[in-house]
Amino acid sequence: MIYPLRLVASVGGAARLLAAKGYRFVLGAHQYGRLTKQTLVRFPLIVKNLNITISHMYTLGIESIPLVTMIALFLGSATVTQAVYQMSGMIPFRYLGALVCKTTVTELAPVITSMVFAGRVATGIAAEVACMKNSEQLDAMNVLRLDPIRYLIVPKTVACIVMLPVLVIWANLMAFTGAALTVALTVDVTMHTYLSGKKIFFDAIDVYVGVGKTAIFGAIVAITGAYFGFTAKGGAEGVGNATTKAVVVSAVLILVFDFVVAILVM
Amino acid sequence: MLLKIEHLRKHFGNQIVLHDVNLVINKGEVLCIIGQSGSGKTVLFRHIIGLMFPDGGRILLENEVISSPTTKPSDFNKVRKRFGILFQGAALFDSMNVGENLAFPLRELTNFTEKEINRKIGDSLEKVGLKEEFKTKMPSELSGGMRSRVGLARAIVMEPEIMLYDEPTSALDPIMTDKVNDLILSLRERLNMTSIVVTHDIGSAYKIADKMAMIHEGKIIFSGTPGEIRQSRNPYIQQFILGQRKRVYALDEAETYAGKVELGKLKPSTKTQPAVGSENLVNKKFEMPARKPPRLPTGGKGR
C-alpha cells in the first residue's frame, strides 16, 4: 500500500520541480524581453554619448579582428578540404568554388563568427555588469540618477550591432583567402577551376542576408550578456555562472534566430 | 522634521528583515543607525535611498510620501537628487578616473560648462582633503581611505541635502577612520547637511552622532542621544556598545559540543566585565538544555 503512495509523492515532487523550473524560465524570458525593450527604447539617446559607443566599437569590434582572422582563415581551408573530399568522384570540381562560396557566405562565416564574438563579448559584458553589481556600482549609478541601461548597455548593443556585420564581411574575405590558399597549396584543383566555379551561382542576396542577420546576432550577444550580468547573484561564483550562461544562451539564440532567418528567406 | 519612517516592514520569503521600523530625522542632524551584522541596517538604508521599497509602512520627506509599497522606482527619481550616498566600498566607477567619476553626473544631469564642472570637481576634492592632482588617478590606484574620500567627493558634488553613509569606516584603519569621521562632521558644519550613518563602529558613532538608533532583528530597540545609549539598562544594548561577545556565558557552543567541557559544570564568565546597570545578569543561573549522551556502536550483534 505504501509503494503507490510513494510513487504518487515522487511524481508530485517531480511535477512541482518541473513547474518551478518552468515558472523560472517564463519569468526569465519575460525579464529578458523587458530588458530588450528598455534597451531598444533608449537607442535614440546614444546621440548624446556617441563617444562611449565609438570606444566600445573599438574594444568590442576592432580588437576582435585578429581572432576573427584566424578563425576565418582556417574555416575557409577546412571547408575546401572537406568539400574536395566529399565531391571526389561524384561531383565535378568546377562546382567547388560555388559550394565553398555559398556555404561560407550564407552560414559558416556569419554563424561561426557570431559564436566566436559571443564567446569574447557576451562573457565580457556579463562579467563587467555582474562585477559592477557586486561592487554596488550599479546602485551608485541609480542613486546618481544615471540610468545603467542607457550608459552601459545601449552603447555596447549599438557597437555590437554595427561591428558584428563588419567582422562578418572581414571573415568572408579571410575565409575566401584561406580557401584559395588551400586550393593553391594542397588540393588537386586548379585555381582557375576554383575561381570560375565561384561565379557560377554567386548571388549578392546571399551576402546581404548573411551579413544582415548578424546585426540581430550582435544585439542578441550584447543583451544576453547584459541580462545575465544584471541577474548575477553572489560573488566570484555568481560572476562565473553569469559568464557561462551568457555564452551558452547567446549561442543557442544565435542558432535559433539563424533558423528563423533561413525559413523567412527561403 | 525632515525625514520620517513610519511602520516600515520588509520581508524576503519567510524571513522578516524589517519589522515595524519607526524613525524621525531632523534637519542638520547626524543620525547613526547601529546594529549587528544581519540586523537589517543595510536593508533600512536601501529603503531610505529608494533602492528597495517596503512591503508595509512608508517613508516621508518633509511630510511627502516618497516610499511606500505602491511607489515605483521612477517616482523616487524626483527626490533622489536630494540624497547623496557614500557606499561601503565607495562604489567608484572602475573604468573612469577620479575626475571622470566626479564629472559623470555633472555632465549628464546638469547644464554646467566644462570650466564650471572642473571648478566644482576641484571644490569637492578640496572639501574632502584631496588635491586636484588626484583627478587623473584611477580608482585601482587609490587606498581604501582615499577611495572613501573620492566617493564622498562624488556624492557631495551634486550638493545633496541629505547624506547617507553605509558603513563608511568599516574597512579603514583607526587613523583613517578618525579622518573620515572628522570629514562627516565638517560637511555637516560647512554645508549643514543632514547625515544618516549606518555603522557598527560604536566609537565612530559616539564621535559623530547627535542621535543614535539601534536596530536588532529588524526592530528599532533604541533611539536617543549617545549619552542616553550609554545609560541604557538594556543588556543587549550594553553588550553591543561594550563590544562583548557573551555577557553571561563564558563558553560557546563549539567548545561545549566538541566535548571539551563537561556539561553541568558550566559557570558564568569571570572574564567578561558586567555592563553598567546590568550586573544582575551575571548572577543569573546558567541553564543548558538537557542533552542525551550519544549512542555508541555496540559492536556486538547486528540487527
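Here is the naming used below: chain letters follow the sequence lines, and residue numbers restart at 1 for every chain.
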I'd like to check Arg145(A) versus Met158(B) (side-chain heavy atoms, cut-off strictly below 4.5 Å). Are they in contact? yes
Side chain to side chain contact (heavy atoms under 4.5 Å, CB included), that's the test. Do Phe87(B) and Asp139(A) meet it? Break it down for me. CA-CA 9 Å; Phe87(B) 286 93; Asp139(A) 287 341; 3.7 Å; yes
Is it true that atom NZ of Lys179(B) has more than 12 heavy atoms of other residues, nucleotides or ligands lying nearer than 6.0 Å? no
Exceeds 12 heavy-atom contacts within 6.0 angstrom, atom CZ of Phe12(B): yes
State, with a plain yes or no, whether a side-chain heavy atom of Asn49(A) is found less than 4.5 Å away from one of Glu108(B). yes
Surrounding OH of Tyr151(A) (heavy atoms of other residues, nucleotides or ligands, distance under 6.0 Å), is the total greater than 12? yes
Check this for me: Asn51(A), atom CG, are more than 12 non-hydrogen atoms of other residues, nucleotides or ligands nearer than 6.0 Å? yes
Are there over 12 heavy-atom neighbours, none belonging to Arg190(B), within less than 6.0 Å of that residue's CZ? yes
Hey, could you give me the OG/CG distance between Ser74(B) and Asp147(A), rounded to the nearest 0.5 Å? 11.5 Å
Close side-chain approach of Arg154(B) and Leu144(A), heavy atoms under 4.5 Å: yes
Rounded to the nearest 0.5 Å, how far does CD of Glu136(A) lie from CG of Leu92(B)? 11.5 Å
Quick one: closest heavy-atom pair of Gln137(A) and Phe93(B), and the distance? OE1-CA, 3.4 Å
Whatever's closer than 4.5 Å to a heavy atom in chain A on Arg107(B) counts as neither
Just wondering, more than 12 heavy atoms not from Met138(B) lying within 6.0 Å of its CE? yes
Indicate yes or no: at least one non-hydrogen side-chain atom of Asn142(A) is less than 4.5 angstrom from one of Phe76(B). no
One should read off an interatomic distance between Asp94(B) CG and Ser135(A) OG, to the nearest 0.5 angstrom, of 5.5 Å
Please indicate whether Tyr32(A) has more than 12 foreign heavy atoms, meaning atoms of other residues, nucleotides or ligands, lying under 6.0 Å from its OH. yes
